[in-house]
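Below you'll find the structure, written out as structure tokens, and then a few comments.
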Amino acid sequence: MGLLTGDEKHGPAATSTLDALWVLYDRVLRVSPATAGAPDRDRFLLSKGHGPMAYYAVLAAKGFVPVEWLSSFGAYDSPLGHHPDRLLVPGAEIGSGSLGHGLPLAVGTALGLRAQGLTGPAVWVLIGDGELDEGSNHEAIAFAGPAGLDRLHTVVIDNASASQSRPGGIAARFAAGGWSTVTVDGRDHAALYDAFTAPHPGRPHAVVARVDARNPTV
């Protein structure tokens, strides 16, 4: 991420996601630059698109985008904008940044894959805790559990940015909707991997990753 220059607005929104993104792309997601258009690929949707610097860095490290692009982040003619554009960023599944859109899109993606008989691909979406202030997410949570969307996975980055609290915490909100849930240290790669790969037959899975965005090294 040190190569990313320009306006560092929403820096903590990016650094809080770096570890989760790395573990996903390095050890979990079945997608590569060569398979980015394959029907049986895993899908990753970055809903927390208003802080995409870590996402771009991981995509570059994994060969989806040229490393040379990173230094142009946020420039007028750069494909790496302050919000990702799926038409400009190889490997990006959606254009994102407006809060509350990614999880509903992930639900629709999981439904679409099921309708096509594609039961292998996993659908992952990364959202921020502040996005749970948006009602569209709660509609998606309420639908996905009873629908048995067990290929759907949500990573919630909890950096204490939400303006409203939830009784019992974030994981309890998903559990009430019929989801499998686990809460982990969002900087612990081993714990993240175990949480991402935990079995959850018949249910969608939510991983709440707690981080201190003010200190990206802990």
Side-chain angles (χ1 to χ4, degrees), residues 1 4 6-18 20-21 24-25 29 31 36 42-60 64-65 69-70 72-113 122-144 147 149 152-166 170 173-174 177 179 186 204 206-209 211 213:
M1 285 181 60
L4 293 158
D7 184 2
E8 292 297 326
K9 182 180 179 181
H10 291 310
T15 56
S16 64
T17 69
L18 182 57
L21 285 168
L24 280 172
Y25 274 91
L29 291 173
V31 65
D42 287 346
R43 274 76 167 172
F44 174 78
L45 283 63
L46 180 69
S47 185
K48 193 177 165 69
H50 55 286
M53 290 94 80
Y55 181 51
Y56 294 153
V58 171
L59 288 178
F64 288 88
V65 303
W69 283 9
L70 296 180
S72 71
F73 166 69
Y76 176 76
D77 57 352
S78 173
L80 305 183
H82 291 290
H83 290 192
D85 184 332
R86 70 178 184 86
L87 299 179
L88 299 177
V89 182
E93 296 281 355
I94 60 171
S96 61
S98 297
L99 300 184
H101 290 177
L103 182 51
L105 286 169
V107 169
T109 301
L111 284 171
L113 291 170
V123 178
W124 290 82
V125 58
L126 188 148
I127 71 175
D129 59 327
E131 287 193 81
L132 291 175
D133 291 346
E134 305 296 326
S136 54
N137 278 327
H138 293 277
E139 293 175 359
I141 293 169
F143 177 85
L149 296 181
L152 175 63
H153 309 75
T154 299
V155 182
V156 185
I157 301 297
D158 181 7
N159 59 6
S161 64
S163 60
Q164 301 182 39
S165 62
R166 264 152 278 284
I170 292 173
R173 174 64 190 90
F174 282 86
W179 291 56
V207 176
V208 180
V211 300

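Predicted, not measured: the structure shown is a model, and the values here were computed from it.
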Looking at residues at least two apart in the chain, or sitting in another chain, which of them share a side-chain contact (heavy atoms from CB on, under 4.5 Å) with [X]?
X    : value
L29  : L24, Y25, V31, D42, F44, W124
A36  : F64
P204 : A144, L152, W179
S98  : H101

Quiz prompt | Test item: L149 and V107 side chains (from C-beta on) under 4.5 Å apart, heavy atoms | solution =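 L149 vs V107: side chains touch.
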
side-chain hydrogen bond (donor to acceptor under 3.5 Å, both in side chains) against [X], all qualifying residues, sequence neighbours excluded:
X    : result
R43  : none
S78  : S72
T154 : none
N137 : none

Quiz prompt | Short side-chain to backbone donor-acceptor contact, E131 and G128, under 3.5 Å | solution = yes

Practice problem: Using modelled atom types only, decide if a donor and an acceptor are shared between the side chain of H153 and the backbone of V123 within a distance under 3.5 Å. | Solution: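 Pair found, side chain donor or acceptor close to backbone of V123.
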
Quiz item: Please, which pairs that meet salt bridge (Lys or Arg N to Asp or Glu O under 4.0 Å) have at least one residue in residues 86-100, sequence neighbours excluded?
Solution: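 Counting only pairs at least two positions apart or across chains, the salt bridge (Lys or Arg N to Asp or Glu O under 4.0 Å) contacts touching residues 86-100 are R41-E93.
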
